[in-house]
A.B. asks: 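One structure is given below, represented as structure tokens, and several questions about it will come after.
Start at 1 with the first residue, then count along the sequence.
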Amino acid sequence: MSEPIVIILQTYRRTDVALRTIVAACRYLRYPDLRWYVADDGSAPQHVHLVHAWLNQHGANVIGGHSERLGYGATSNKAVRAAEQESSLLLFLEDDWELRTPLDLYAYACLLMETSEIGMVRLGNLNLDVRGRTWGHNGVLYWKLDHEPHIEGTPVFTGHPSLRHRRYREAYGEYPGGLTPGDTELAYAWQFRVGPQDGPGIVWPVDYPAWGLFSHIGEVKTETML
């Protein structure tokens, strides 16, 4: 039996794009056991109600959620701790990433369950300056990111959709708190760059188009989540 995947929906105020993200994920994600946790950073009650209503309307299995003004890092960490009670596989999905085509997660879940060398399958866009090498598992080819630190052009993967195993958090730590979302993403990406060189890596499926399978929608940036 497959281990469940818990989708952590990270949301704050952007109701119009959040509903698009929910509908697309419910329509296109393929996996035997998908569960949802809503990590809301203290939005108005109407937003929280609509998010949960749309998830229920589209048949999502919502296992829990919270709505507190904690900041990007702290609210993400709280969601991770709750989601890891259900599974070691977590799909991070911010409320402005719309999936545009069917996506079967089974091969990526198998990769994370079977290979301790990998901690994250990145599902967002591919940065042009990313450094790495090709790497394969069960007939699927990936691009495996380097750990090598470099100041300019550090790939910021944090806000992109990604499937992670708990070993990633155990190796590189939790999200830093007290920062804006953008600075949190930079700091958390840096924790991977300077983390243990033999720690679990990040891979990106090379059969994706370079712009990924998700579209970054909406004009309201995460920097409003202060």
A.B. asks: Could you state whether Val48 and Leu9 fall into the same hydrophobic cluster, counting links through intermediate Ile, Leu, Val, Met, Phe, Trp or Tyr residues with side-chain heavy atoms under 4.5 angstrom apart?
C.D. replies: no

A.B. asks: Examine distances only and state if a side-chain atom of Gln191 and a backbone atom of Glu174 form a donor-acceptor pair shorter than 3.5 Å.
C.D. replies: yes

A.B. asks: Within the 3.5 Å criterion, strictly below it, is a donor on Gln10 or Ser76 matched to an acceptor on the partner's side chain?
C.D. replies: yes

A.B. asks: Is the closest side-chain heavy-atom distance between Phe214 and Leu93 below 4.5 Å?
C.D. replies: yes

A.B. asks: Does the side chain of Trp54 reach to within under 4.5 Å of the side chain of Val23, using non-hydrogen atoms?
C.D. replies: yes

A.B. asks: Would you confirm whether Tyr172, through its side chain, and Pro200, through its main-chain N or O, come within 3.5 Å as a donor-acceptor pair?
C.D. replies: yes

A.B. asks: If the condition is side-chain hydrogen bond (donor to acceptor under 3.5 Å, both in side chains), which residues does Glu98 pass it with, not counting sequence neighbours?
C.D. replies: Arg20, Arg100

A.B. asks: Pairs in or reaching into residues 43-54: which pass salt bridge (charged side-chain N to carboxylate O under 4.0 Å, His left out), with residues at least two apart or in two chains?
C.D. replies: none

A.B. asks: Strictly below 4.0 Å, N to O, side chains only: are Arg35 and Asp33 in salt-bridge contact?
C.D. replies: yes

A.B. asks: With sequence neighbours excluded, what pairs up with Thr184 under the side-chain hydrogen bond (donor to acceptor under 3.5 Å, both in side chains) test?
C.D. replies: none

A.B. asks: Taking atom types as modelled and ignoring hydrogens, do the side chains of Asp96 and His216 form a donor-acceptor contact shorter than 3.5 angstrom?
C.D. replies: yes

A.B. asks: Show every ring-ring contact (aromatic ring centres under 6.0 Å, His included) that has at least one partner inside residues 16-53, sequence neighbours left out.
C.D. replies: Tyr37-His66

A.B. asks: With rounding to the nearest 0.5 angstrom, report the CD1 to CG distance, Ile5 to Leu90.
C.D. replies: 9.5 Å

A.B. asks: Can you label the angle between the His160 ring and the Trp97 ring as parallel, tilted or perpendicular, going by 30° and 60°?
C.D. replies: tilted

A.B. asks: How would you list, by chain and number, every residue that makes a side-chain hydrogen bond (donor to acceptor under 3.5 Å, both in side chains) with Glu170, sequence neighbours excluded?
C.D. replies: none

A.B. asks: Please examine the side chains of Leu105 and Leu29, heavy atoms only from C-beta on, and report whether any two atoms are closer than 4.5 Å.
C.D. replies: yes

A.B. asks: Under 3.5 Å, side chain of Glu94 to main-chain N/O of Pro161, donor-acceptor pair present?
C.D. replies: no

A.B. asks: Any sub-3.5 Å donor-acceptor pair from Thr115's side-chain atoms to Ile118's backbone N or O?
C.D. replies: no

A.B. asks: Can you label the angle between the Phe92 ring and the Tyr175 ring as parallel, tilted or perpendicular, going by 30° and 60°?
C.D. replies: tilted

A.B. asks: With sequence neighbours left out, write down each residue that passes salt bridge (charged side-chain N to carboxylate O under 4.0 Å, His left out) with Arg169, or none if nothing qualifies.
C.D. replies: Glu84

A.B. asks: Any side-chain to backbone donor/acceptor pair from His165 onto Arg167? Under 3.5 Å, distance only.
C.D. replies: yes

A.B. asks: If we ignore hydrogens and angles and just use 3.5 Å, is the side chain of Arg27 paired with the main-chain N or O of Ile22 as donor and acceptor?
C.D. replies: no

A.B. asks: Do you know the tightest heavy-atom contact between Ala39 and Ala79?
C.D. replies: CB-CB, 3.7 Å

A.B. asks: Treating Arg13 as the side-chain partner and Gly42 as the backbone partner, does any N or O pair qualify as donor plus acceptor under 3.5 Å?
C.D. replies: no

A.B. asks: Can you check whether Asn138 reaches Glu114 side chain to side chain, under 4.5 Å on heavy atoms?
C.D. replies: yes

A.B. asks: Please check this pair: side chain of Asp183 against backbone of Leu179, looking for a donor-acceptor N/O pair closer than 3.5 Å.
C.D. replies: no

A.B. asks: Counting N and O atoms only, with roles assigned by atom type, does the side chain of Tyr188 sit under 3.5 Å from a partner on the main chain of Gly173, one being a donor and the other an acceptor?
C.D. replies: yes

A.B. asks: What I want to check is whether the side chains of Thr75 and Glu68 have a donor and an acceptor closer together than 3.5 Å.
C.D. replies: no

A.B. asks: Measure the acute angle between the ring planes of Trp135 and His137, then classify it against the limits of 30° and 60° as parallel, tilted or perpendicular.
C.D. replies: parallel

A.B. asks: Is any side-chain heavy atom of Asp207 closer than 4.5 Å to one of Tyr142?
C.D. replies: no

